[in-house]
Amino acid sequence: MISCADSRVVPEQITQAAPGDLFVCRNAGNIVPPFSQANGGVSSAVEYAVVALGVRDIVVCGHSDCGAMKAFSNPAALEKMPNVAAWLRHAHAAHSVVCSAYHGLDEKAAARATALENVVVQIQHLRTHPSVASAMARGELTLHGWFFEIETGNILALDGETGRFVQVTEGASLPVAVPAAPRLAAADQFRIAAE
């Protein structure tokens, strides 16, 4: 689970997990930088989880009232925090989506929309990691996008089929952002060449 470092977001509590049930990576804004050759803590955690631990599910979990996402509405606040500002560039696409596609939102609603869109963006970034892409192509890895509502304790899950977040309810099937399904985009090309 990749979640925010906000102390109000405790993945083990949210999922009612026992010690050892979750492999958790927490950072400001639940960010997954796109893959690059530069070594980083999130990239290393993702690679280790997929390759060494063989995890079958990765959850990117955003949350309401996220300070990292609220920073987009007050960039001056980041002037004394250049590392935080640089880190949040990995969420800029979410902010851009909200600015261009959501209209008439007040500051609080814009921050919430940015936090939700950020989950979608980080799942896209996660898919650029070779270990993730390979496991997904083998049909061995499912990606989930969650949003924890601090005020209510509710979880919203990204439904990859509709592109919308829906409330998770007990007894109902859990929506999935990107299901595990084998994929070989070039398989037909090799079959044709062999004939």
With a 3.5 Å distance limit and no angle check, can you tell me whether [X] reaches the backbone of [Y] through a side-chain donor-acceptor pair?
X	Y	value
Arg8	Asp65	yes
Asn27	Ile31	yes
Thr142	Asp57	no
Ser134	Ser131	no
Arg138	Ala181	no
Asp21	Ala18	yes
Ser64	Ile150	yes

Is there side-chain contact between [X] and [Y], with heavy atoms separated by less than 4.5 Å?
X	Y	result
Cys61	Cys4	no
Val50	Ile58	yes
Val98	Glu117	yes
Leu22	Glu12	yes
Ser43	Val46	no
Thr114	Arg112	no
Met1	Ile14	no
Trp146	Val60	no

I need the minimum non-hydrogen distance between [X] and [Y], along with the two atoms involved.
X	Y	value
Phe23	Ala49	CD2-CB, 3.7 Å
Lys70	Ser73	O-OG, 2.8 Å
His90	Pro34	ND1-CD, 3.6 Å
Asn30	Gly62	OD1-CA, 3.4 Å
Val166	Pro175	CG2-CG, 3.2 Å
Ala68	Ala28	CB-C, 4.3 Å

To the nearest 0.5 Å, what is the distance between [atom1] on [X] and [atom2] on [Y]?
X	Y	atom1	atom2	answer
Asn74	Glu107	CG	CD	7.5 Å
Leu143	Gln122	CG	CD	12.5 Å
His125	Ile2	NE2	CD1	12.0 Å
Thr169	Ile155	OG1	CD1	12.5 Å
Asn118	Phe147	CG	CZ	10.0 Å
Trp87	Leu78	CH2	CG	14.5 Å

Tyr48, Val24: one ILVMFWY side-chain cluster at the under-4.5 Å cut-off?
no
Just checking, any donor-acceptor pair under 3.5 angstrom between side chains of Glu149 and Thr152?
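Yes, side-chain donor-acceptor contact under 3.5 Å.
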Between His95 and Val97, is the side-chain contact (heavy atoms from CB on, under 4.5 Å) condition met? List the steps.
CA-CA 5 Å; His95 173 66; Val97 167; over 6 Å; no
Parallel, tilted or perpendicular for His92 and Phe72, by the 30°/60° rule?
tilted
Before you tell me yes or no, could you show the steps for His129 and Phe35 under ring pair (Phe, Tyr, Trp, His ring centres under 6.0 Å), namely the whole-Å CA-CA distance, both residues' side-chain angles and the distance that decides it to 0.1 Å?
CA-CA 5 Å; His129 291 251; Phe35 180 77; 5.7 Å; yes
Apply side-chain contact (heavy atoms from CB on, under 4.5 Å) to the pair Arg164 and Asp159, showing each step before the final yes or no.
CA-CA 6 Å; Arg164 307 235 183 235; Asp159 182 334; 5.6 Å; no
Qualifying residue for side-chain contact (heavy atoms from CB on, under 4.5 Å) with Arg127, from Val32, Val178, Leu141
Val178
Is the count of non-hydrogen atoms from other residues, nucleotides or ligands lying under 6.0 Å from Glu151 atom CD greater than 12?
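Above 12, so yes.
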